[in-house]
Enquirer: 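Mind looking over this structure? Questions follow.
Each chain gets a letter, A, B and so on, in the order the sequences are listed, and its residues count up from 1. Just so it is clear, the structure is predicted and the values come from calculations on it, not from any experiment.
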Amino acid sequence: MKHTLENEISRTFAETMIPSLLELNQSFHQYMDSLNDLQFLMLKRGLASSDSATGVQFVSQFLYIYHQKINISLSWLNKKDRVTWIPITIHMVRLTEQLRDKMGHQVLQSRLSSRSPVFYAEEVKRTTSPSPPLLAKTMYSPDKSKDEAIKMKGVRR
Amino acid sequence: MSMPQIPEENFRPTKDEVVIDLLKSIAMEENAIAHLLHAEAEKIQAFVGHHHSISGEPCHADIIKLSSQVSRLLDVIVMKEWLLLRKLENVMELNDSGHDCDYCDGEE
C-alpha cells in the first residue's frame with residue numbers, strides 16, 4: 001500500500017477528527033438535555049428565563065458549525081480519487097449510520113422543543129464521559145527518536 | 001523594528017507533517033470541548049436534583065446564577081467552535097494550495 005499524504009489525511013479524519021466530532025455532538029446533546037431540565041425547573045418555580053432567545057441562537061450556531069465541520073471532513077473522504085486506503089470505506093459506512101441516528105435525534109428534539117415552550121422533564125440517561133482522543137502514530141508524525149539521536153551525537157562530540 | 005529570529009532546531013516538521021498535526025490538534029480541542037460539555041451537563045443534573053447529588057432544594061438566586069453561568073459557557077463554547085471551524089478551513093486551504101501546483105506534480 002502506498003503511503004501518501006492524502007491517505008494520512010483521510011486516516012486522521014476517519015480515526016481522529018470524525019470520532020471527536022461525534023463525541024462533541026453526544027456531549028452537546030447531553031448538555032442540552034440538562035439545560036432543558038434546568039429551564040423546566042425555572043418554569044416550575046415561576047422564574048422566567050429571559051435569555052431563551054439567545055440560547056436558541058447559540059444552539060443554532062453550534063449546530064451550523066458542527067455541520068460545516070462534518071461536511072468538510074466527509075467531502076474530503078468522499079473524493080475517491082484521493083482515498084486509496086481501503087478501511088476508510090468500511091469506517092465511512094459505520095459513521096454515516098451513526099451520524100444519521102444522532103443527528104436525526106437532534107432534529108427531532110429541536111422540532112419537539114419548538115412546539116412547546118416547556119422542555120423535556122424526562123430524566124437524562126447518564127453516559128460515560130467522552131473517550132480520550134486516539135492519536136495513532138503515522139508516518140507523518142514527527143519522529144522524536146530521530147531528534148534525540150541527533151542530540152546524543154552532539155553530546156558525544 | 002527587526003524580524004523575529006527563529007532559533008535553529010534539529011528537527012523541523014515538513015509541510016505535510018504540519019497539516020496532519022494541525023488536524024490532530026483540532027480533533028483534540030474538539031474532544032476537550034466534549035469533555036467540558038459532559039462535565040457541565042453532569043453538574044447541571046446534580047444541581048437540578050435528578051440524582052440528588054448536590055442540592056435537594058436550590059434557592060431562586062442559585063438557580064438564576066446557574067442559568068446565567070450556563071448561558072455564558074455556551075457563548076464561550078460557540079466562540080471557540082467558530083475559531084476551530086476557521087482553523088479547519090485554513091488547514092484544508094493550506095493543504096490544497098500545496099497540491100494543485102503543476103510544478104510539484106511534475107516532480108513526483
Side-chain angles (χ1 to χ4, degrees), chain A residues 5-6 8-9 12-13 16-21 23-28 30-35 37-42 45 47 49 51 54-55 57-59 61-62 65-66 68-69 72-73 76 123-124 126-127 129-133 135 138 140-144 146-148 150-151 154, chain B residues 9-24 26-51 58-60 63-64 66-68 70-71 73-75 77-82 84-85 88-89 91-92 95 98-99:
Chain A
L5 176 67
E6 277 72 20
E8 289 302 327
I9 291 179
T12 308
F13 271 123
T16 315
M17 181 69 80
I18 295 181
S20 292
L21 288 172
E23 294 279 10
L24 180 71
N25 184 34
Q26 200 176 359
S27 293
F28 186 71
Q30 213 176 344
Y31 181 73
M32 290 314 296
D33 279 342
S34 297
L35 195 63
D37 285 341
L38 180 66
Q39 287 185 336
F40 181 73
L41 180 74
M42 287 178 81
R45 296 276 189 96
L47 300 167
S49 177
D51 51 0
T54 324
Q57 208 181 354
F58 286 146
V59 172
Q61 280 190 54
F62 184 93
I65 299 166
Y66 175 81
Q68 287 293 107
K69 278 188 246 175
I72 291 172
S73 308
W76 172 273
E123 196 160 324
V124 177
R126 286 192 152 199
T127 56
S129 57
S131 58
L135 296 182
T138 64
Y140 288 95
S141 302
D143 187 2
K144 283 183 184 163
K146 203 198 299 175
D147 202 21
E148 279 165 14
I150 294 166
K151 268 186 199 168
Chain B
E9 288 174 39
N10 292 327
F11 178 78
R12 296 296 304 160
T14 62
K15 190 183 164 190
D16 295 351
E17 288 170 347
V18 167
V19 168
I20 298 283
D21 284 352
L22 283 170
L23 286 175
K24 282 181 180 173
I26 295 169
M28 285 180 80
E29 285 189 72
E30 297 292 0
N31 201 260
I33 294 172
H35 277 269
L36 201 63
L37 282 175
H38 176 83
E40 199 64 18
E42 293 277 303
K43 191 182 92 178
I44 297 168
Q45 280 300 314
F47 185 89
V48 167
H50 278 304
H51 306 291
C59 68
H60 286 189
I63 297 172
I64 291 166
L66 180 72
S67 175
S68 68
V70 162
S71 305
L73 180 83
L74 201 55
D75 183 20
I77 282 175
V78 167
M79 279 170 70
K80 182 69 189 165
E81 284 294 315
W82 277 117
L84 285 175
L85 175 63
L88 181 61
E89 285 168 350
V91 173
M92 297 315 289
N95 183 51
H99 283 264

Enquirer: Can you measure from CD (Q39(A)) to CD1 (I44(B)) and round to the nearest 0.5 angstrom?
Expert: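 These two atoms lie 9.5 Å from each other.
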Enquirer: Chain A: which of D75(B), I64(B), I26(B) shares the most heavy-atom pairs with it under 4.5 Å?
Expert: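 Result: the option with the highest number of such pairs is D75(B).
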Enquirer: Is there a side chain to side chain contact (heavy atoms under 4.5 Å, CB included) between F28(A) and I33(B)? Walk through the geometry before answering.
Expert: CA-CA 9 Å; F28(A) 186 71; I33(B) 294 172; over 6 Å; no
Enquirer: Could you report the tightest heavy-atom contact between S20(A) and A27(B), atom names first, then the distance?
Expert: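 That closest heavy-atom pairing would be OG-O, 3.2 Å.
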Enquirer: Would you name the heavy atoms of S34(A) and A41(B) that are closest together and state the gap between them?
Expert: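 In terms of heavy atoms, the two residues are closest at OG-O, 3.0 Å.
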Enquirer: Measuring only between side-chain heavy atoms, which start at C-beta, is I72(A) closer than 4.5 Å to L85(B)?
Expert: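 They are in contact (side-chain heavy atoms under 4.5 Å apart), so the answer is yes.
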Enquirer: Between K69(A) and L88(B), what is the shortest heavy-atom contact and its length?
Expert: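 Closest approach of K69(A) to L88(B), heavy atoms only: CG-CD2, 3.7 Å.
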Enquirer: Got a second to check how far S27(A)'s OG is from E40(B)'s CD, nearest 0.5 Å?
Expert: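 These two atoms lie 12.0 Å from each other.
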Enquirer: Answer yes or no: is there a side-chain heavy-atom contact under 4.5 Å between N95(B) and W76(A)?
Expert: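 The answer is yes; the side chains approach within 4.5 Å.
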Enquirer: Answer with side chain, backbone, both or neither: which region of I9(A) has an atom nearer than 4.5 Å to a non-hydrogen atom of chain B?
Expert: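 Both backbone and side chain.
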Enquirer: In the structure I gave you, are the side-chain heavy atoms of Q30(A) and H38(B) within less than 4.5 Å of one another anywhere?
Expert: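 Yes, their side chains come closer than 4.5 Å.
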Enquirer: Is L38(A) close to chain B through its backbone or its side chain, or both, or neither, when contacts mean heavy atoms under 4.5 Å?
Expert: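 It is both, since atoms from each part get that close.
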Enquirer: Locate the shortest heavy-atom distance separating E23(A) from N31(B); write the atom from each residue and the value.
Expert: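 Closest approach of E23(A) to N31(B): CG-ND2, 4.1 Å.
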